[in-house]
Peer 1: 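I'd like to ask some things about the structure below.
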Protein chains: 2
Amino acid sequence: MGRPASLSRGGIIAAAARLVREHGVEALTARRLGDALGCDPTALYRHFVTMGDLEREVGDRFLGAVDVRAHADDDWRKTVRRICVKLRRVQLRQPRLAALVSAAPTRLANEKRITEALLRELDRAGLSSEQVATGYHALIELTVGSAAIDAPLASLPAAERRRTYNEWRREYAGLSPAEAPASVAIADHLYLGSADSRFEAALDLLLDGISLQRRVH
Amino acid sequence: MGRPASLSRGGIIAAAARLVREHGVEALTARRLGDALGCDPTALYRHFVTMGDLEREVGDRFLGAVDVRAHADDDWRKTVRRICVKLRRVQLRQPRLAALVSAAPTRLANEKRITEALLRELDRAGLSSEQVATGYHALIELTVGSAAIDAPLASLPAAERRRTYNEWRREYAGLSPAEAPASVAIADHLYLGSADSRFEAALDLLLDGISLQRRVH
DNA sequence: GCCTGTTTGTCAACACTGTTGACAAACAGA
DNA sequence: TCTGTTTGTCAACAGTGTTGACAAACAGGC
């Protein structure tokens with residue numbers, strides 16, 4: 001029944017993912033994807049109602065790289081930490097895809113898989129149902145939110161990124177000591193190291209907070 | 001010297017802010033702003049090198065609504081909490097503006113003002129310089145990141161937002177208990193209440209973690 | 001085998017977006 | 001008065017997502 005399909009949903013998603021991987025997320029446009037597939041851009045609308053739909057699907061495909069298995073000797077905290085670090089790393093490669101995935105849960109396979117793993121580990125930590133939900137929300141907001149914020153800078157070459165951080169630090173260091181004493185005093189410690197290390201430090205603080213809620217310490 | 005300026009940087013920013021306040025951030029385009037100002041869209045490029053520049057300036061203007069004064073009886077934690085809650089509330093109204101402000105610090109007045117206040121309070125809490133910087137990064141990532149994530153949904157009418165949360169909850173509740181036991185068990189507690197309350201709970205967890213680092217308890 | 005209906009890709013077009021370069025109006029200073 | 005600079009206007013370019021009309025190509029019923 002009907003004209004034979006030369007395109008398929010899966011094939012389009014795969015091509016779109018390749019496009020993003022090789023040329024960045026800003027390359028994911030109807031026309032460029034049409035070129036890559038050798039078809040007219042508007043043919044995509046036969047398989048996805050909107051470009052946003054396609055983006056969500058591509059985003060979830062990338063989430064497939066997040067391994068959620070708990071290692072044998074790891075406790076809940078180590079596992080949660082590893083999942084969040086990996087999740088952020090994956091999301092960092094897709095600027096806006098990051099926001100979409102958690103703002104409007106894609107209800108797609110990999111998103112569910114990661115959610116299940118985080119809830120499982122928090123439950124294993126000995127938290128109440130309410131505390132598990134609160135902890136999950138907090139972890140997702142920090143992890144995905146941090147990725148959304150850091151993504152623009154993460155796409156820059158390392159040298160330029162370093163230069164940018166130095167500029168910020170000097171900016172705060174150069175403020176008037178009378179008007180901004182705390183900024184001047186702390187400036188040397190701001191934006192040191194990598195964005196990854198800053199996130200991991202924040203994650204550790206949050207995990208400390210979550211740990212405090214446990215019935216069994 | 002030269003043709004008299006009918007437009008000014010400040011006037012343009014004010015008009016842009018009004019546009020965003022009344023019609024949302026997606027209304028902030030060169031052509032619509034030109035219409036509102038009664039001038040040609042390209043005239044804006046005489047005062048801002050790019051539209052992104054203008055957005056940053058508008059974003060910082062909105063940050064002016066964040067009161068950073070410490071109330072007389074409030075300790076550092078209450079003040080930090082109030083600033084972050086207010087900061088998020090303001091950022092929520094500007095979807096992408098939120099990301100910009102902290103991803104590439106605007107080096108503008110209000111952003112510096114808020115940074116100074118947060119550093120001041122964390123210092124007052126009795127943290128080392130490194131801990132102040134770490135805590136500041138963590139607070140900003142959670143607050144601004146959370147705003148960036150929640151912004152799309154926050155712009156929806158309350159009824160539809162509630163409906164969306166209910167859908168998500170049902171989605172997780174309806175999973176296979178064999179494959180996703182934790183999701184099914186916790187589903188009833190996911191996405192309850194408002195996004196604001198979820199953020200505040202996350203913020204409290206983070207503040208718990210920060211408190212643990214203090215020399216003096 | 002032929003007609004019909006459905007699917008699916010193509011094409012032209014619409015309504016947008018940011019941005020640039022040429023041009024002219026209007027002033028300040030020499 | 002002449003010159004130079006500023007500043008707004010205009011046309012245009014290269015993009016973007018998306019829609020509607022059209023045609024090719026098949027499956028099923030007669």
Side-chain angles (χ1 to χ4, degrees), chain A residues 1-20 22-59 94-97 99-100 103-104 106 151-152 155, chain B residues 1-20 22-59 94-97 99-100 103-104 106 151-152 155:
Chain A
M1 56 189 197
R3 183 173 175 165
S6 59
L7 266 44
S8 74
R9 230 181 131 84
I12 294 175
I13 295 173
R18 202 174 327 126
L19 209 58
V20 171
E22 295 176 1
H23 299 97
V25 78
E26 68 276 3
L28 183 51
T29 73
R31 284 167 180 82
R32 289 197 64 164
L33 184 51
D35 282 354
L37 285 163
C39 71
D40 192 90
T42 61
L44 303 171
Y45 289 86
R46 298 290 177 194
H47 302 268
F48 301 89
V49 316
T50 181
M51 280 303 280
D53 270 16
L54 204 167
E55 286 179 5
R56 283 172 47 213
E57 212 92 32
V58 174
Q94 346 297 337
R96 82 175 42 169
L97 270 55
L100 286 177
T106 55
S155 66
Chain B
M1 56 193 200
R3 184 172 174 165
S6 59
L7 266 43
S8 73
R9 226 181 134 85
I12 293 174
I13 295 174
R18 201 175 327 125
L19 208 58
V20 171
E22 294 176 3
H23 299 97
V25 78
E26 67 278 3
L28 183 51
T29 72
R31 283 166 180 82
R32 288 198 64 164
L33 184 52
D35 283 355
L37 285 163
C39 71
D40 192 272
T42 61
L44 304 171
Y45 288 86
R46 297 289 176 197
H47 303 268
F48 301 89
V49 317
T50 181
M51 280 304 279
D53 271 15
L54 204 167
E55 287 180 5
R56 282 172 48 213
E57 213 91 30
V58 175
Q94 347 296 337
R96 83 174 42 168
L97 271 57
L100 286 177
T106 56
S155 67

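Protein chains get the first letters and strands the later ones, always in sequence-line order, with residue 1 at the start of each.
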Peer 1: Give me the atom names and distance for the closest heavy-atom approach of A:Met51 to A:Thr29.
Peer 2: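 For A:Met51 versus A:Thr29, the nearest heavy atoms are CE-C, 3.7 Å.
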Peer 1: Using heavy atoms to find the nearest nucleotide of DNA chain C for A:Pro41 and B:Thr29 separately, return the residue whose nucleotide is more 5′.
Peer 2: A:Pro41
Peer 1: Would you say the side-chain atoms of A:Arg31 pair up with the backbone N or O of A:Pro41, donor to acceptor, closer than 3.5 Å?
Peer 2: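 No, A:Arg31 side chain to A:Pro41 backbone: no donor-acceptor pair under 3.5 Å.
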Peer 1: Run the salt bridge (charged side-chain N to carboxylate O under 4.0 Å, His left out) test against A:Asp53 and tell me which residues pass, sequence neighbours left out.
Peer 2: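 Testing A:Asp53 for salt bridge (charged side-chain N to carboxylate O under 4.0 Å, His left out), a comparison that skips the adjacent residues, returns A:Arg56.
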Peer 1: Report the base-pairing partner of C:dC23 (Watson-Crick or G-U wobble, both distances below 3.5 angstrom), or none.
Peer 2: D:dG8
Peer 1: So where does chain A start and stop touching DNA chain D, 5' to 3', when the test is distance under 4.0 Å to a non-hydrogen atom?
Peer 2: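 That gives a stretch of D:dT16 to D:dA27.
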Peer 1: Can you find a pair of side-chain heavy atoms, one from A:Val25 and one from A:Val58, that are under 4.5 Å apart?
Peer 2: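 Not touching, per the 4.5 Å side-chain cut-off.
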Peer 1: Return the value, rounded to whole Å, for the distance between atom CG of B:Asp40 and atom P of C:dT17.
Peer 2: 13 Å
Peer 1: Is there side-chain contact between A:Leu33 and A:Leu54, with at least one heavy-atom pair below 4.5 Å?
Peer 2: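 Yes, at least one pair of side-chain atoms sits under 4.5 Å.
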Peer 1: Across all strands shown, which nucleotide pairs with D:dG17 by Watson-Crick or G-U wobble geometry, both distances under 3.5 Å?
Peer 2: C:dC14
Peer 1: Counting any heavy atom closer than 4.0 Å, what does B:Thr42 reach on the DNA or RNA strands: base, sugar-phosphate only, or nothing?
Peer 2: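 Base: the residue B:Thr42, judged by heavy atoms under 4.0 Å, touches a nucleobase.
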Peer 1: Please figure out whether A:Thr50 or B:Arg31 has its closest DNA chain D nucleotide nearer the 5' end.
Peer 2: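 The residue closer to the strand's 5' end, by nearest nucleotide, is B:Arg31.
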Peer 1: If you apply the rule side-chain contact (heavy atoms from CB on, under 4.5 Å), what do you find for A:Leu7 with A:Arg46, and how did you get there?
Peer 2: CA-CA 9 Å; A:Leu7 266 44; A:Arg46 298 290 177 194; over 6 Å; no
